[in-house]
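Notes follow once the structure below has been shown.
Remember, it's a predicted structure, so these values are computed and weren't measured experimentally.
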Amino acid sequence: MTSDFADALASGPLVLDGGLSNQLEAAGHDLGGALWSARLLAEDPEAITRAHLAYFEAGAEVAITSTYQATFEGFARCGADRERAAELLALGVESAREAARRAGAIHPGRRLWVAASAGPYGAMLADGSEYRGRYGLAVAELERFHRPRLEVLAAARPDVLALETVPDTDEAAALLRAVRGLGVPAWLSYTVAGDRTRAGQPLEDAFALAADAAEVVAVGVNCCTPEDVSGAVETAARVTGKPVVAYPNSGETWDATSRSWRGRSSFATERVRDWRRRGARLVGGCCRVGPETIASIARVLSPQ
């Protein structure tokens, strides 16, 4: 698939943003609840735009929308009908686009992009199962879950669809079927542990699913430790021949009992250089990665 975004990937690395929830919480927002940051699409969309803008100002070139946990089913549990849910999904793309407009007004001529996030089925369940996969659903059932939301997101005209935090190959296969014919390129990003998906499948097999998918312009990993990225990037590049996306967590560990992060960040600029050498073309951060880290990534990836 050809697109402006695919052409930009071909011309050089792009800097992704960091954890949107990280920036929203830093601004004082409580993200408790099943909808997570997507709740603010209904309550305070301007806050989401400001969070995107903070990452653009730090040097990000791609904003990932607040729609990771936004689904028709999730919104329905909070009282929103399908029409309202579709409006909120589209607003996620528009909020990021508005941040790009504001950043562009400050820095004319800068190319900025919007990636519409589509999280896994487990994100809708809000029980941590996106880090396990294997929901007991067939590929066809997962495709039926994902397709309506992807249709709405694609209609909002993002530059790319971010099929992210995918825990297993069944869900990857469903997502690859669900994006066919939408007319918007996509990247496919697994959450991994070592050299396997969270569900335990070898990454070679996982990435191979996307090798011949015309809609997929990049493959890679996110929401994993920085230590797991280098090997995954190398495998993704070798198996698919496509540009690679890498945006891990900070390296801290989530304690579900205390509902707090423990440990120290292991996200270092030396790692970013290594990922770039191994084939990463889209680099940013996920959970607990804020604008300061994105600024350091931008400095590492900027042309000398």
Please go through Leu112's hydrophobic cluster and name the other residues, only I, L, V, M, F, W, Y counting, with side-chain heavy atoms under 4.5 Å joining them. Phe56
Provide the full list of ring-ring contact (aromatic ring centres under 6.0 Å, His included) pairs with a residue in residues 212-241, sequence neighbours left out, each pair given once. none
Between Trp275 and Phe267, does the ring centroid distance fall short of 6.0 Å? yes
For the backbone of Glu234 and the side chain of Arg278, can you confirm whether one donor and one acceptor N or O come within less than 3.5 Å of each other? no
Do Glu94 and Arg97 meet the salt-bridge criterion of a basic N to acidic O distance under 4.0 Å? no
Judged by atom type as modelled, is there a donor-acceptor pair below 3.5 Å linking the side chain of Ser189 to the main-chain atoms of Asn222? yes
Backbone N/O of Ala138 and side chain of Glu141: donor-acceptor pair under 3.5 Å: yes
Under the side chain to side chain contact (heavy atoms under 4.5 Å, CB included) test, which residues partner Ala199, sequence neighbours left out? Arg134, Asp168, Thr197, Gln201
Does Glu83, at its CD atom, have more than 12 non-hydrogen atoms belonging to other residues, nucleotides or ligands within less than 6.0 Å? no
Between Arg180 and Glu143, does at least one N-O distance fall below 4.0 Å, as a salt bridge requires? no
Which of these passes side-chain hydrogen bond (donor to acceptor under 3.5 Å, both in side chains) with Glu164: Tyr190, Tyr68, Tyr247, Trp187? Tyr247
Please lay out, stage by stage, how His146 and Glu171 fare under the test side chain to side chain donor-acceptor pair (under 3.5 Å). CA-CA 10 Å; His146 284 295; Glu171 187 147 36; 2.7 Å; yes
Distance alone, cut at 3.5 Å: any donor-acceptor contact between the side chains of Arg198 and Thr191? yes
